[in-house]
Enquirer: 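Sharing a structure with you now.
We're numbering straight along the sequence, starting at 1.
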Amino acid sequence: MTSRAERRAEELLREHGIETVPVPVDELADKLGAEVRYRTFDGDISGLLLRTDRGETVVGVHAKHARTRQRFTIAHELGHHVLHRGRPAIVEHLTRAARVNFRDGTSALATDKEEIEANQFAAGLLMPSAAVEDAFLEAAPRLGIDRSVAALAKRFDVSPQAMRFRLMNLALIDPT
């Protein structure tokens with residue numbers, strides 16, 4: 001069963017005519033009116049979504065993270081942009097109110113409904129179910145599970161860990 005967040009991600013891909021992988025997540029952010037900025041963050045923050053009351057939307061991405069992590073972070077923050085309102089915040093360098101969502105080490109722990117949805121959205125956006133299923137069913141008989149995971153991760157430009165989770169969530173491989 002596909003989640004609301006995954007369905008919305010796949011609708012977004014259709015709305016913007018994106019049919020190939022890897023999904024050009026930076027371009028999609030631009031189409032959605034979100035400016036992607038790469039910066040170095042303190043602590044375990046990998047990204048953030050900032051929406052000002054003037055209508056500006058910025059996706060901040062940790063510049064020192066691996067490219068696959070950055071892509072997932074952008075997709076995750078776009079999930080917040082599309083699905084969630086955000087939390088009010090006071091940001092030192094802004095003169096007006098803003099709403100912000102952070103992606104950090106706790107985002108993947110599945111403890112907050114909005115974080116779970118943003119992760120589901122990111123997975124559905126970067127690894128659309130039909131494309132993953134087709135690619136896996138074609139690769140697995142030839143390569144086996146581990147090599148298929150690696151090959152699909154490369155093809156979809158995501159981390160092997162993200163691809164393994166996606167294959168488990170699509171019930172294509174066992175969690176063990």
Enquirer: Looking only at heavy atoms, what is the nearest atom pair of Leu172 and Phe136, with distance?
Expert: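 Result for this residue pair: O-CE2, 3.6 Å.
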
Enquirer: Start with the C-alpha gap between Arg51 and Glu56, add the side-chain angles, then the distance that decides, and say whether salt bridge (charged side-chain N to carboxylate O under 4.0 Å, His left out) holds.
Expert: CA-CA 6 Å; Arg51 294 175 275 206; Glu56 300 160 316; over 6 Å; no

Enquirer: Any non-hydrogen side-chain atom of Ser159 less than 4.5 Å from a side-chain atom of Arg69?
Expert: no

Enquirer: Determine whether Pro128 and Leu13 make a side-chain contact, defined as any pair of heavy atoms from C-beta on separated by less than 4.5 Å.
Expert: yes

Enquirer: Can you tell me if Arg166 uses its side chain to pair, donor with acceptor, with the backbone of Met127 under 3.5 Å?
Expert: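 Yes, the answer is positive, given that a donor and an acceptor are paired below the 3.5 Å cut-off.
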
Enquirer: For a quick test of reading the model, state the closest non-hydrogen atom pair linking Ala118 to His76 and the distance between them.
Expert: CB-CE1, 3.3 Å

Enquirer: Measuring only between side-chain heavy atoms, which start at C-beta, is Val25 closer than 4.5 Å to Leu126?
Expert: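 Yes, at least one pair of side-chain atoms sits under 4.5 Å.
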
Enquirer: Is it true that, when you exclude Gln161 itself, more than 12 heavy atoms of the residues, nucleotides or ligands shown sit nearer than 6.0 Å to its CD?
Expert: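 It does not: Gln161 CD has 12 such atoms or fewer within range.
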
Enquirer: Should Asp26 and Lys31 count as side-chain neighbours, where that means a heavy-atom distance under 4.5 Å?
Expert: no

Enquirer: Tell me which one of Glu10, Glu6, Arg7 satisfies side chain to side chain contact (heavy atoms under 4.5 Å, CB included) with Ser129.
Expert: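 It is Glu10; the other options fail the test.
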
Enquirer: Taking side chain as C-beta onward, heavy atoms only, is Arg8 less than 4.5 Å from Phe121?
Expert: yes

Enquirer: Kindly indicate whether the side chain of Val59, heavy atoms from C-beta on, has any atom under 4.5 Å from the side chain of Val61.
Expert: yes

Enquirer: Of the non-hydrogen atoms in Leu143 and Ala151, which two are nearest, and what is the gap between them?
Expert: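 In this case the closest contact between Leu143 and Ala151 is CD1-CB, 4.0 Å.
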
Enquirer: Counting heavy atoms not belonging to Arg67, are there more than 12 under 6.0 Å from its CZ?
Expert: no

Enquirer: Could you check if a side-chain atom of Phe165 sits within less than 4.5 angstrom of a side-chain atom of Asn119, using non-hydrogen atoms only?
Expert: no

Enquirer: Locate the shortest heavy-atom distance separating Leu28 from Ile18; write the atom from each residue and the value.
Expert: CD1-CD1, 4.0 Å

Enquirer: Taking Val23's backbone N and O only, do any of them form a donor-acceptor pair with Arg71's side chain (distance below 3.5 Å, no angle check)?
Expert: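 Present.
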
Enquirer: Do Arg164 and Ile145 have side chains that approach each other closer than 4.5 Å (heavy atoms only, starting at C-beta)?
Expert: yes

Enquirer: Is it true that atom CD of Glu27 has more than 12 heavy atoms of other residues, nucleotides or ligands lying nearer than 6.0 Å?
Expert: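 It does not: Glu27 CD has 12 such atoms or fewer within range.
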
Enquirer: Can a side-chain donor-acceptor contact be found between His80 and Glu115 if the only test is distance below 3.5 angstrom?
Expert: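 Yes - a donor-acceptor pair under 3.5 Å links their side chains.
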
Enquirer: Please give me the minimum heavy-atom distance between Leu125 and Ala9, naming the atom from each residue.
Expert: N-CB, 3.6 Å

Enquirer: Counting only heavy atoms from other residues, nucleotides and ligands, does the tally under 6.0 Å from CD of Glu15 exceed 12?
Expert: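 Count over threshold, so yes.
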
Enquirer: Mind running side chain to side chain contact (heavy atoms under 4.5 Å, CB included) on Asn169 and Leu167 for me, showing each step along the way?
Expert: CA-CA 5 Å; Asn169 289 331; Leu167 292 169; over 6 Å; no

Enquirer: Judged by atom type as modelled, is there a donor-acceptor pair below 3.5 Å linking the side chain of His62 to the main-chain atoms of Gly47?
Expert: no

